[in-house]
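Just so it is clear, the model here is predicted, and its values are computed rather than measured. Numbered from 1 within each chain, the chains take letters A, B, ... in sequence-line order.
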Amino acid sequence: MINERLAEMIRVALLQAQREERLPTVEIPQIVLERPREKAHGDWATNIAMVLAGKAKMPPRAVAQVIADALGDDKYINKVEIAGPGFINFYLSNEWLYEVLRDIDREGESFGHSTAGRGERVQIEFVSANPVGPMHVGHGRWAAVGDTLANILTARGYDVEREFYINDFGNQMNIFGKSVATRYVQLLGRDVPFPEDGYQGEYIRDIAREISAAEGDAYLDFAESERESLFLERSYKQVLEHLKVTLEKMGVVFDSWFSERELHASSAVDEAIAGLRESGYVYEEGGAVWFKATAFGEEKDRVLIRANGEPTYFAADIAYHKNKLERGFDRLINIWGADHHGYIGRMKAAVQALGYPADKLEIVIGQLVNLMRGGEPVRMSKRTGEMVTLDELLEEVGRDAVRFFFLMRSTDSPLDFDIELAKEQSNENPVYYVQYAHARISSIVRFAEAENIDLSGGIDYRRLETEPELDLIRKLAEWPEVLERAARQRALHPLTAYAQELAAVFHFFYTKCRVVTDDKELSTARMALCDATRTVLRGVLTVLGVAAPERM
RNA sequence: GCGCCCGUAGCUCAGCUGGAUAGAGCAUCGGACUUCUAAUCCGAGGGUCAUAGGUUCGAAUCCUAUCGGGCGUGCCA
């Protein structure tokens with residue numbers, strides 16, 4: 001990228017200046033290039049002169065002057081300027097901008113992608129909702145975040161796998177079976193109390209109703225425990241299928257579904273504990289089996305097997321992570337809700353106890369979604385029965401807006417999602433703003449083609465020379481940097497921000513520059529610019545999982 | 001109590017490893033369609049960056065303290 005090229009030029013200039021003794025021979029720090037906020041300050045700027053001034057015992061501007069004098073000519077640099085307290089500002093030539101358009105034309109939607117990940121195997125585990133009911137809105141956020149993170153890491157050259165960990169073991173499953181069974185019995189007229197900790201949601205009744213509609217009272221005289229376990233299996237399957245359908249509506253497809261039950265069934269949990277015991281990180285106390293998390297700087301040790309002989313969720317999770325690590329991934333990324341953040345330390349401790357470096361496991365913590373309806377908070381608990389499900393949200397707001405909204409905010413800040421607002425605002429929605437830019441370009445391209453303007457006969461990019469045109473190309477040129485940074489920081493909201501910026505710059509260009517004119521050469525060049533913009537816009541929308549409509 | 005995250009415009013939020021005059025959207029007000037999509041564009045108002053110190057050429061950004069908010073701190077999952 002051009003900033004790397006500039007940094008290298010500066011480094012060469014510094015070395016030369018030092019050789020010529022115009023600068024004292026001090027160690028050269030990392031050369032940082034940044035985009036100035038003010039357009040008047042050029043395309044790129046560096047503060048290197050100010051950083052060096054102290055060590056060199058020279059005024060910053062004098063250092064800057066020496067560096068500027070030592071810089072060689074470059075066809076992509078128009079002008080170098082010293083400004084303010086000692087910034088060196090670089091103004092790029094239009095030739096460089098035209099080169100960007102050629103890159104986009106050559107690379108298509110993969111413009112901005114790279115091979116930086118070198119095929120490293122990354123597994124992202126996300127959503128992992130308990131299969132005891134429909135997904136709530138928070139799950140939708142993890143789905144969007146995990147899927148898009150997977151998309152951008154793929155674009156950066158990583159070999160990414162999406163996995164859903166099914167928590168289909170333990171107490172909440174039993175309660176689930178008991179809830180359905182009770183509703184079934186009630187439905188058939190028996191006055192039995194609903195379990196105090198049972199799931200209140202209407203969907204429990206729906207499942208019970210389906211069973212009774214299909215098979216009547218066939219299960220009425222079963223022993224309670226038998227009925228419950230039968231209904232549990234049946235309902236579990238149904239809910240799992242439903243999860244997949246909902247995720248598909250979100251545009252999320254998992255490569256792998258991993259069942260917690262399998263761990264227990266295959267004695268993987270016992271083996272994991274045995275392994276830790278061999279390494280000396282397990283002891284017994286008070287009838288329970290403990291993991292020595294304190295050996296890794298944790299505040300306290302954690303129970304693996306309760307005094308009643310039941311393994312904890314943590315024990316299963318250790319076995320799960322052991323399994324993942326043994327599958328040969330170079331890196332594991334888990335996306336967890338903020339309510340799990342106290343869990344990170346002990347999980348990383350466990351990873352180390354298993355003999356792996358702690359940073360092999362990376363946890364992306366996301367704050368939760370506060371669902372609102374007309375300004376009133378809506379409770380999200382599975383037990384209230386009145387929650388708004390992800391399905392309903394998708395139904396009301398639509399997949400594109402849902403995904404875009406979930407990705408718009410920094411993952412580690414809580415998200416207020418007001419359903420009424422999202423519906424009312426649908427025409428003012430940022431997602432429509434971006435999609436409209438795409439549709440508008442498509443319309444222009446259709447019109448231009450009808451006017452016999454085509455790009456196959458060669459394009460003279462030099463005809464693009466006004467500020468709205470050049471600004472648009474500059475914005476296109478940012479995409480690789482945006483993608484790189486988002487992937488590195490595991491942050492998605494810069495992607496939606498960029499999509500909006502690109503759309504805005506295009507809309508401005510549209511009002512200033514007519515594409516189809518009497519000047520065929522100019523029309524062709526502008527058409528090429530529209531085409532490049534559309535290509536990049538598609539690339540952005542693709543990683544976001546949002547549609548790029550041809551018409552609106 | 002301790003740990004993590006957070007406090008920026010009326011509202012919702014950006015602000016990258018410290019940089020030049022703190023930004024965007026919404027909302028408010030005022031303009032722009034005989035011409036490729038007005039779901040668009042242009043302009044205006046709106047800020048003690050929670051508070052107080054510190055670090056330095058330079059702080060919304062780093063450090064400390066205080067105030068305020070969220071989450072966690074299970075032999076739950």
**OP:** Could you work out which one of B/C75, B/A77, B/U17 sits closest to the side chain of A/W290?
**Re:** B/C75
Subject >> Stretch residues 503-512 of chain A: residues that reach within less than 4.0 Å of RNA chain B through a heavy atom >> reply: A/H507, A/F508, A/Y510, A/T511
Original post:
Would A/F87 pass as stacked on B/A20, i.e. its ring centre under 5.5 Å from the base's six-membered ring centre and planes under 30° apart?
Top reply: yes
Original post:
With distance as the sole test, does A/S523 use its side chain to make a donor-acceptor pair with the main-chain N or O of A/T517 at under 3.5 Å?
Top reply: yes
Original post:
With respect to the phosphate group of B/A14, does any side-chain polar atom (N or O) of A/S413 fall under 4.0 Å of OP1 or OP2?
Top reply: yes
Original post:
Is the glycosidic angle of B/C33 within 90° of 0, making it syn, or outside that range, making it anti?
Top reply: syn
Original post:
Across the strands shown, which category fits A/A448 at heavy-atom distances under 4.0 angstrom: base, sugar-phosphate, nothing?
Top reply: nothing
**OP:** Classify the nucleic acid contact of A/E484 as base, sugar-phosphate or nothing, counting any heavy atom under 4.0 Å across all strands shown.
**Re:** nothing
Subject >> Salt bridge A/E362-A/R490, side-chain N to carboxylate O under 4.0 Å >> reply: yes
Original post:
Heavy atoms under 4.0 Å, any strand shown: does A/A288 hit a base, just sugar-phosphate, or nothing?
Top reply: base
**OP:** Applying side-chain hydrogen bond (donor to acceptor under 3.5 Å, both in side chains), run through A/Q435 and A/D400 and close with a yes or a no.
**Re:** CA-CA 10 Å; A/Q435 290 181 317; A/D400 290 340; 2.9 Å; yes
Original post:
Any idea which of B/U40, B/A20, B/U73 is nearest the A/Y433 side chain?
Top reply: B/U40
Subject >> Distance-only donor-acceptor check, side chains A/T524 and A/E521, under 3.5 Å >> reply: no
Original post:
Any side-chain N or O of A/R306 less than 4.0 Å from the OP1 or OP2 oxygen of B/G74?
Top reply: no
Subject >> Exam field: side chain A/W290 to backbone A/E285, donor-acceptor pair closer than 3.5 Å >> reply: yes
Original post:
With a 4.0 Å cut-off on heavy atoms, is A/F169 in touch with a base, just the backbone sugar-phosphate, or nothing at all?
Top reply: sugar-phosphate
Original post:
Which part of the nucleic acid does A/D301 contact within heavy-atom distance under 4.0 Å: base, sugar-phosphate only, or nothing?
Top reply: nothing
Original post:
Do A/H341 and B/G3 share a donor-acceptor pair, side chain to base, under 3.5 Å?
Top reply: yes
Original post:
So, the side chain of A/K348 versus the backbone of A/L361: is there a donor-acceptor pair under 3.5 Å, distance only?
Top reply: yes
**OP:** Would you mind classifying the nucleic acid contact of A/T517 as base, sugar-phosphate or nothing, using non-hydrogen atoms under 4.0 angstrom?
**Re:** nothing
Original post:
Hey, does A/Y343 reach any base, or is it just sugar-phosphate, or nothing, if we go heavy atoms under 4.0 Å?
Top reply: base
Original post:
How would you label the contact of A/A83 with the nucleic acid (heavy atoms, under 4.0 Å): base, sugar-phosphate, or nothing?
Top reply: base
**OP:** Starting from C1' on B/C26, measure out to CG on A/N429 and report it in whole angstrom.
**Re:** 11 Å
Original post:
Contact class for A/H493 (heavy atom, under 4.0 Å): base, sugar-phosphate, or nothing?
Top reply: sugar-phosphate
**OP:** Identify whether any heavy atom of A/G286 sits under 4.0 Å from a base atom; if not, whether one sits that close to sugar-phosphate; answer base, sugar-phosphate or nothing.
**Re:** base
Original post:
Counting any heavy atom closer than 4.0 Å, what does A/E451 reach on the DNA or RNA strands: base, sugar-phosphate only, or nothing?
Top reply: nothing
**OP:** Give a yes/no on whether any side-chain N or O of A/Y436 is located under 4.0 angstrom from OP1 or OP2 of B/A39.
**Re:** yes
Original post:
What about A/F314 and A/Y343, are their ring centers closer than 6.0 Å?
Top reply: yes
Subject >> Nucleic acid contacts of residues 35-55 of chain A, taken as heavy-atom distances under 4.0 Å to RNA chain B >> reply: A/R37, A/H41, A/A45, A/N47, A/M50
Subject >> Span that lies between the P atom of B/A20 and that of B/C62, in whole angstrom >> reply: 16 Å
Original post:
For the ring pair A/F169 and A/Y313, is the centre-to-centre distance below 6.0 Å?
Top reply: no
Original post:
When the ring planes of A/F406 and A/F417 are compared, do they come out parallel, tilted or perpendicular, using 30° and 60° as the limits?
Top reply: tilted
Original post:
If you look at every strand shown and take non-hydrogen atoms under 4.0 Å, does A/C513 touch a base, only sugar-phosphate, or nothing?
Top reply: base
Original post:
Can you list every pair that meets salt bridge (Lys or Arg N to Asp or Glu O under 4.0 Å) and has a residue in residues 31-41 of chain A, with sequence neighbours left out?
Top reply: A/R35-A/E481, A/K39-A/E467, A/K39-A/D471
Original post:
Which one is paired to B/U40, where only Watson-Crick or G-U wobble pairs with both distances under 3.5 angstrom count?
Top reply: B/A32
Original post:
Of the nucleotides B/C16, B/U37, B/U35, which has the atom closest to the A/A439 side chain?
Top reply: B/U37
**OP:** Please check if the distance between the ring centroids of A/Y320 and A/Y165 is under 6.0 Å.
**Re:** yes
